[in-house]
Amino acid sequence: MLKKISILLFSLCLITFNANAGSDGELTLNQNKSETQKTKDCFEKLNRKTFAFNQGLDKALIKPIAKSYRKLPEGVQKGTSNAVKNLSTLVTIPNNVLQGDVRTALINTARLAVNTTVGLLGTIDVANKMGFPKYEKEDYGQTLGKWGFGPGCYIVLPVLGPSTIRDTTGSFANVMGGDPWYNASVHGNNEFLSEGLYLTSKAISGIEFRANNIESLENLEENSIDFYASIRSLYLQDRENKIKNIQRGNIEVIYEEDDGWEEIENK
């Protein structure tokens, strides 16, 4: 039991900032601040304390692991990224359906089938090579947003990082039957899948996301008057982008007191 708890805590540490990461593992930003303006920070004092705790954990554990991950051969990183993305399709497909996008659900189902079989369990993105439309990750928080539910109060979760009442509620759907990978691994009762394998996949997802955003977050922290406020704005705008399916590409974000958010697109 103690071993399982340790694995769970370790995995949670590794998915900090990744609870609602984008499909490409990069933070994106939109100049539209409507989401930031209408989302209240109802628990700001507590949120700031939790944020400080998460930052300490990130600097002591998560960031060093992410830096080590980046030293792995490029082929290993690419295969790992592809496999993690392939697993996320299992959550994206039902959300495509719930959002009324049946065509995309069918495309992603075909993508999952091709990459899982021909692509060797998703380590090779064969569907992309075949010309499938670009994959965009969806989750239950995004679906609730599509249905018209407001974000509610902004909250910072211990270890897991930025969220909102809506997104946190949406994340519970994964363990309530909405994530087939979770169901098959944790409740599948078979010799091939296990809880440990599920937690490992989530840990790897977190490592990859943190590794992809080391420079972006460092730059944001160095140029922020208030790093907490900068992360809050970035998270809320990023989620708004995803709900509206706005794709800005990979960007570097700089926060300046007078000019607000400034984008530099990496072309």
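Residue indices begin at 1 and follow the sequence shown.
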Exercise. Output, in order, the C-alpha distance, side-chain angles, deciding distance and verdict of salt bridge (charged side-chain N to carboxylate O under 4.0 Å, His left out) for Glu74 and Lys78.
Key: CA-CA 6 Å; Glu74 184 177 351; Lys78 186 63 176 177; over 6 Å; no
Quiz prompt | Lys63/Glu218 under salt bridge (charged side-chain N to carboxylate O under 4.0 Å, His left out): CA gap, chis, key distance, verdict | solution = CA-CA 11 Å; Lys63 187 176 178 180; Glu218 285 181 346; 2.7 Å; yes
Self-check item: From CA spacing to verdict: ring pair (Phe, Tyr, Trp, His ring centres under 6.0 Å), Tyr140, Phe172
Solution: CA-CA 9 Å; Tyr140 292 100; Phe172 278 111; over 10 Å; no
Quiz prompt | Check against salt bridge (charged side-chain N to carboxylate O under 4.0 Å, His left out), Arg48 and Asp226 | solution = CA-CA 11 Å; Arg48 285 184 178 275; Asp226 183 350; 2.7 Å; yes
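Partners of Lys59 by salt bridge (charged side-chain N to carboxylate O under 4.0 Å, His left out), not counting sequence neighbours, listed by chain and number: Glu221. Checked against salt bridge (charged side-chain N to carboxylate O under 4.0 Å, His left out), Asp179 has no partners two or more places apart in sequence or in another chain. Residues passing the side-chain hydrogen bond (donor to acceptor under 3.5 Å, both in side chains) test with Gln99 are Glu138, Thr143, sequence neighbours excluded. Considering only residues two or more places apart in sequence or on other chains, Leu90 meets the side chain to side chain contact (heavy atoms under 4.5 Å, CB included) condition with Leu87, Leu112, Pro180, Trp181. With sequence neighbours excluded, the residues forming a side-chain hydrogen bond (donor to acceptor under 3.5 Å, both in side chains) with Thr104 are Asp101, listed by chain and number. Legend: residues meeting ring-ring contact (aromatic ring centres under 6.0 Å, His included) with Tyr182, ordered by chain and number and at least two apart, are His187, Tyr198. Considering only residues two or more places apart in sequence or on other chains, Lys146 meets the salt bridge (charged side-chain N to carboxylate O under 4.0 Å, His left out) condition with none of them. In this view, Asn128 and Asp125 satisfy the side chain to side chain contact (heavy atoms under 4.5 Å, CB included) rule, not counting sequence neighbours. Here Arg70 pairs with Glu215 under the salt bridge (charged side-chain N to carboxylate O under 4.0 Å, His left out) rule; sequence neighbours left out.
Of the inter-residue distances, the one linking Asn108 atom CG with Asn95 atom CG reads 11.0 Å to the nearest 0.5 angstrom. Atoms CZ and CG, on Arg239 and Asp167 in that order, are 4.0 Å from each other to the nearest 0.5 Å. Residue Asp41 holds its CG atom at 10.0 Å from CG of Leu46, rounded to the nearest 0.5 Å.
Under a 4.5 Å side-chain heavy-atom criterion applied to ILVMFWY residues, the cluster that includes Val114 comprises Ile107, Val118, Leu120, Ile124, Val126, Met130, Phe132 as well. When hydrophobic side chains of Ile, Leu, Val, Met, Phe, Trp and Tyr are connected at separations under 4.5 Å, Leu106 ends up clustered with Val102.
With hydrogens and angles ignored, the 3.5 Å screen pairs a side-chain donor or acceptor of Thr117 with a backbone N or O of Ala113.
Pairs passing the disulfide (SG to SG under 2.5 Å) check and including a residue from residues 75-106, sequence neighbours excluded, do not occur.
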